[in-house]
Amino acid sequence: MDIIFHHPTFDTQFWLDGMQQQLPGATVRQWHPGDNQPADYALVWHPPVEMLSGRRELKGVFALGAGVDSILSKLQAHPDMLPDGVPLFRLEDTGMALQMQEYAVSQVLHWFRRFDDYQALKQQAKWQPLEDYRREDFTIGLLGAGVLGGKVAESLAAWGFPVRCWSRSKKNYPGVTSYAGTEELSAFLNGTRVLINLLPNTPQTVGIINSQLLEQLADEAFIMNLARGVHLVENDLLAALESGKVKGAMLDVFAKEPLPANSPLWKHPRIAITPHLAAVTRPLEAMEYIAKTIREIEKGESPSGQVSLHNGY
Ligand SMILES: NC(=O)C1=CN([C@@H]2O[C@H](COP(=O)(O)OP(=O)(O)OC[C@H]3O[C@@H](n4cnc5c(N)ncnc54)[C@H](O)[C@@H]3O)[C@@H](O)[C@H]2O)C=CC1
Ligand SMILES: O=C(O)C(=O)CO
């Protein structure tokens, strides 16, 4: 079995050795421009078009992340990049859910215990206890309730918050109220105080966090964008912060990355920023997962994690 690998920033040798250990019978090589030798599987992130196009022999392409929007947008521009019938897989969890849980739980508790307000009072040397927020006024809503959103929802429910989620189809997570489809979006938003976004980037979800959506949230809402920058209309968020409808935001992803130095988001006192690292690919877990999936494909099984080209995620 032959495996080709391309990632613009990962430690390639570490991955070649690691995959070799996971699949001792395989030959794993770094792909270089001009390499047209046959391959059974490709492991990629931001792949050059010529790496995959014309490779009808491939039994699977693995995206080395959870979101496949960048691969799919390239595929739109170059439809022959992924030969017909070659399945595209993505990473399901592989250590990312725990990182998302850490990120979301710590920030929700930060807002719930009003640490932002106390930090602002501290700047004025003010010793001033504030009224506690009540859990019943702190409903948390997950936009997107798949592999990552579902786990985040469960971890926040375990902290005793009212938690709800919104997805394409109904979910059954313990302690989490499920809403599904565009017809239930307004009901989901109504009363949501903390909105956490873990949707994939698709034509249906681009710009979903806009002024019309923000207006439907509970007053003094909080926004956490952990998915993709294009989901959020940044100027609408700034306007909602200005009006007081939104009290604070924590953003990990941006329409343009790295976030340009002149972006007004940097300087806003009620916006916290991290540089797209809410959850990163954990190589060992990812390699184990990919090897398991390859073994299932080789046995003729249908492993999970296959991207629906129709749904776009
Ligand atoms: N900031 C970061 O470091 C990272 C961000 N991500 C982002 O998180 C996203 C989610 O990842 P997973 O949970 O693994 O994806 P997933 O595919 O398991 O879950 C997606 C969820 O969104 C829902 N959904 C999709 N389209 C919808 C629509 N039109 N209306 C309503 N619900 C819809 C699905 O029903 C599902 O519940 C990724 O696509 C990626 O963009 C992933 C990893 C790291
Ligand atoms: O896996 C993903 O989709 C990511 O955004 C990784 O940072």
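This structure is a prediction, so every number in the text was calculated from the model and none was measured. Counting starts at 1 for both ligands and their atoms, following the listed order.
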Item to check | Test applied, side-chain hydrogen bond (donor to acceptor under 3.5 Å, both in side chains); reference residue, His231; option that passes from Asn210, Asn197, Asn201 | outcome: Asn197

Item to check | Pair Glu296 + Lys292: basic N to acidic O under 4.0 Å | outcome: yes

Checklist entry - Which is closest to atom 3 (O) of ligand 2 in terms of heavy atoms, Met96, Gln99, Arg228? => result Arg228

Checklist entry - Backbone, side chain, both or neither: what part of Glu92 comes under 4.0 angstrom of ligand 1, heavy atoms only? => result neither

Checklist entry - Do you know which of Val246, Asn225, Ile140, Leu213 makes side-chain contact (heavy atoms from CB on, under 4.5 Å) with Leu195? => result Leu213

Checklist entry - Centre of Phe161's six-membered ring, under 6.0 Å away, within 45 degrees of the axis: is that where NZ or CZ of Arg135 sits? => result yes

Checklist entry - Purely on distance, is any nitrogen or oxygen of Trp45 under 3.5 Å from one on ligand 2? => result no

Next on the checklist: Below 4.0 Å, non-hydrogen atoms only: which portion of Val253 touches ligand 1? Side chain, backbone, both or neither.
Outcome noted: side chain

Checklist entry - Out of Gly312, Ala278, Ala145, whose heavy atom is nearest to atom 37 (O) of ligand 1? => result Ala145

Next on the checklist: Tell me whether Ala279 reaches ligand 2 (any heavy atom closer than 4.0 angstrom to a ligand atom).
Outcome noted: yes

Next on the checklist: For the CD atom on Gln124, are there more than 12 heavy atoms of other groups (residues, nucleotides or ligands in this structure) within a distance under 6.0 Å?
Outcome noted: yes

Checklist entry - Gly67 to ligand 2: N or O pair under 3.5 Å? => result yes

Checklist entry - Quick one: does Arg90 get within less than 4.0 Å of ligand 2, heavy atoms only? => result no

Checklist entry - Does any N/O atom on Leu198 come nearer than 3.5 Å to any N/O atom on ligand 1? => result no

